[in-house]
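Starting from 1, each residue takes its place in the sequence as its number.
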Amino acid sequence: MKRWRIQDVQPQQVEDLAHRQGIAPLVAQVLLARGEDGRQDLVRPEAEYPQLHSPFLLNDMDRAVQRIQDAIQEAQQIVVYGDYDCDGITSTAMLCHYLEASGALVSPYIPDREGEGYGLNRDAVAYLRQQGAELLITVDNGISSLEEIAYAKELGLDVIVTDHHMPRATLPDCVAVINPHRPDSTYPFPDLAGVGVAFKLICALEGDECCQEVLEYYGDLLTLGTIADVVPLQGENRTLVQLGLPVLQTTQNLGLMALIQASGLGERNLTSTSVAFGLAPRINAAGRLGYAVRALELLLTEDVEQAEALAQELNGYNQSRKGMEQAIFEEICRRLQQKPALKRQRVLVLSGEGWHQGVIGIVATKVVELVGKPCILLSISGKEARGSCRSVEGFSIVQALTACEEHLLRYGGHDQAGGLTLATSEIPAFEAAIQQYAAQTYDVMPTSTLVLQGKVLAQQVTLDQVRSLTVLEPFGCGNPQPAFCLEGCRIEGIYSIGEGKHLRLRLSQRGAYFYGVYFGIAAARFPYREGDRVDLAVEFAINVYQGQEQLSIQVQDVHPANLSQEALWEGKELMDRLYRREPLTLEQREQCVPDRQDLAKVYKFLRSQGGTISSGLEQLCAIFSPMPYAKLCNCILILQEQKLLARGNGGVGFRLLPPGEKRDLEQSPLLQRLRQWPLAR
């Protein structure tokens, strides 16, 4: 269950804004909920898109252009040094294609993920110089490679860095450093993807007024890389993707054409969502499994048969990637079930021998969704471990890594994602350091939150209303698919679909009946039953079946009706503090310690339900309100400790055990510890 933040939107405000701007009420509700009711750029027609920023506003752009033009005129060997993710691969393909078309002697280089790791490395620099390279241009990397770039300079190899990752305190010493995150940056929009920075370089090489023409030619690669890298689809990124999606839809790139067909998207209008979940994972899968060069070949090929064969090859990598991810994720879930205290840490740091380093980033994302906390997964290989980090809003993972850099060999990233390398022997010290940093920086840790754009009634949402939301596309980071709250629904029926992997729910709200689909949850793990009253977090979509459009309600999360959000999450934080053995205030301790009446109330309720209940702790919290959540949890733990209660089958719900000999709950060791819990000074 996720934490919700339901935006308060008044019906009269919705009506007024819809009338004033001439937009649909549901669109007006989203704009009001996000505080963007005055932003005309979100609903303006294509003809009124804002002009793209001049590439020469990026520091060092003029120096980079001059050096590249000199290299072309003097027939010097240029190497475009990329990264193995979709952003890096599309950047490499785009810049190589452009430079070759401009008459340059250019070749690409993408490091092997397993053998070389992310970014520049000394062996690659030496090899490229030995092969005759005179100018090296990084794309989507290089900002942190100070030592490697210094080494290149020693060898007489000029370097231009184009990157969008956060820089260190010192910038690389090279011909040009093009990065909108430079501390001295004068560029108006800092959140370009790596492919966006490479695009700006091409625009500058073509001439300050040619961005629109370059976009018409390279908008397909630019859009794919931007969406794949999960940069905010706001500001200039929003414009680039809005204008680039039609270019991708009608792409003349043979590799992209083949990939669109192989992904099953050939007959559909491409959206940011279909690109993010259909095309980007296939490019990324090749890079994650060590075959980034094959993805690059796909994007550069001019042979139809080769394009089709490579697209199918990438499909195979994607299937292999899914299997590896699932195996690691299931192993982690087993660990968390066996050691629940792991989930109570401020930052989850988990390591495993043989975990494929290329897929643990996606697994880390799933773990964050599961526990709502920052997660660092480390793949151990002998004396060295390499990891991927994913975080939640409000907790900068790259700042956390910087605070612990004495334990790391290499690291880098953004606020929400990062990578690191460290000696295996340093893992315990690193984990202790990052937990200490989190504790000193945050009294209460930020958690992932599902933001809902107000409440709606299912019977009032029509196909036309849902269709109107397309004006807010492209959806993605910084502009998520709108989600809403359906309050006070009754579950009328629960049906398994998709070979038991998903659910179809029959629901009612104020006398109106409707269906919702809940993907990714099996009936055995669904803690609700027919007749339960719930609140739903949902997204609306339009499905086309046999040529007919149908409204689809997609359930994102379920809460018991009338649940107090703040009380629940304050209670969860208190339980985390107990598991971490942190001192409490007197008031906090009182919220954690049950008395005999509390224990009796919980026991009697369970007995009244026939000794078995499928409800989870969140549902019991709603049932036993206003009993504090932490006190309820400790009632359950004490009853389990005294062998009066056990988890239900499959870990869902609870069941009473035969009472056996009489027990004095006042003598519970856990209860005694709680009563004597140390108080904060």
Side-chain angles (χ1 to χ4, degrees), residues 1-6 340-341 343-346 371-373 439 442-450 527-528 532-535 557-609 613-642 644-648 652-654 656 665-681:
M1 194 176 89
K2 300 175 183 176
R3 188 171 193 166
W4 297 359
R5 187 167 74 245
I6 306 173
K343 292 189 289 187
R344 309 291 187 169
Q345 296 300 314
R346 293 176 179 270
V371 301
K373 297 180 178 182
Y442 301 92
D443 180 50
V444 177
M445 280 291 293
T447 59
S448 56
T449 303
L450 182 57
Y528 299 91
D532 286 352
R533 294 223 167 246
V534 295
D535 298 335
D557 197 21
V558 183
H559 281 191
N562 304 316
L563 178 69
S564 170
Q565 285 271 327
E566 290 309 309
L568 173 66
W569 291 98
E570 286 177 10
K572 285 178 176 284
E573 171 64 20
L574 278 181
M575 290 304 296
D576 283 357
R577 290 179 184 272
L578 290 176
Y579 274 92
R580 296 194 299 259
R581 303 184 184 279
E582 296 176 359
L584 305 175
T585 66
L586 180 60
E587 182 183 358
Q588 288 173 332
R589 188 168 72 179
E590 289 174 351
Q591 292 183 48
C592 295
V593 183
D595 58 25
R596 179 183 291 274
Q597 287 74 26
D598 296 322
L599 291 161
K601 184 178 180 181
V602 173
Y603 185 81
K604 288 176 181 177
F605 172 79
L606 294 172
R607 194 168 59 187
S608 73
Q609 302 298 307
I613 186 170
S614 61
S615 302
L617 282 167
E618 291 84 1
Q619 292 162 275
L620 291 176
C621 182
I623 292 169
F624 285 99
S625 180
M627 182 188 294
Y629 175 83
K631 188 176 289 189
L632 171 63
C633 288
N634 285 319
C635 283
I636 296 292
L637 291 172
I638 290 168
L639 292 173
Q640 288 179 304
E641 175 197 67
Q642 296 298 305
L644 293 171
L645 187 67
R647 276 285 184 181
V652 177
F654 303 94
L656 289 178
L665 297 183
E666 288 288 326
Q667 301 305 311
S668 158
L670 174 56
L671 183 57
Q672 297 303 318
R673 288 199 303 274
L674 289 171
R675 286 173 172 170
Q676 298 169 20
W677 200 267
L679 296 177
R681 295 179 180 178

Those residues at least two apart in sequence (or on a different chain) that pass salt bridge (charged side-chain N to carboxylate O under 4.0 Å, His left out) with Arg607 are none
Over all heavy atoms of both residues, which pair between [X] and [Y] is shortest? Give the atoms and the distance, please.
X: Leu617; Y: Leu632; answer: O-CD2, 4.1 Å
X: Gln591; Y: Pro628; answer: O-CB, 3.6 Å
X: Ala622; Y: Ala561; answer: CB-O, 4.3 Å
X: Leu674; Y: Cys592; answer: CD1-O, 4.0 Å
X: Leu578; Y: Trp677; answer: O-CH2, 3.4 Å

Would you compute the distance between atom [atom1] of [X] and atom [atom2] of [Y] and round it to the nearest 0.5 angstrom?
X: Leu644; Y: Leu606; atom1: CG; atom2: CG; result: 10.5 Å
X: Ile613; Y: Leu656; atom1: CD1; atom2: CG; result: 10.0 Å
X: Leu574; Y: Gln588; atom1: CG; atom2: CD; result: 5.0 Å
X: Phe654; Y: Leu620; atom1: CZ; atom2: CG; result: 6.0 Å
X: Leu670; Y: Ile638; atom1: CG; atom2: CD1; result: 5.0 Å
X: Asp532; Y: Ser614; atom1: CG; atom2: OG; result: 7.0 Å

Any side-chain heavy atom of [X] sitting closer than 4.5 Å to one from [Y]?
X: Pro669; Y: Gln642; value: yes
X: His559; Y: Gln565; value: yes
X: Leu671; Y: Val593; value: yes
X: Tyr603; Y: Cys635; value: no
X: Asp535; Y: Leu563; value: no
X: Met1; Y: Pro560; value: yes

Any ring-ring contact (aromatic ring centres under 6.0 Å, His included) pairs touching residues 613-633, not counting sequence neighbours?
Phe605-Phe624
Quick one: which residue pairs count as a ring-ring contact (aromatic ring centres under 6.0 Å, His included) with a foot in residues 568-588, not counting sequence neighbours?
none
Contacts of type side-chain contact (heavy atoms from CB on, under 4.5 Å), residue Glu573, not counting sequence neighbours
Val444, Asp576, Arg577, Arg580
Can any side-chain N or O of [X] pair as donor or acceptor with the backbone N or O of [Y] at less than 3.5 Å?
X: Asp598; Y: Asp595; result: yes
X: Thr449; Y: Thr447; result: yes
X: Lys343; Y: Val371; result: no

Pairs involving residues 665-676, ordered by first then second residue, that meet side chain to side chain donor-acceptor pair (under 3.5 Å) (sequence neighbours left out)
Glu641-Ser668, Glu666-Arg675
Holding to side-chain hydrogen bond (donor to acceptor under 3.5 Å, both in side chains), I want the full list of residues that pass it with Glu566, two or more places apart in sequence or in another chain.
Arg3
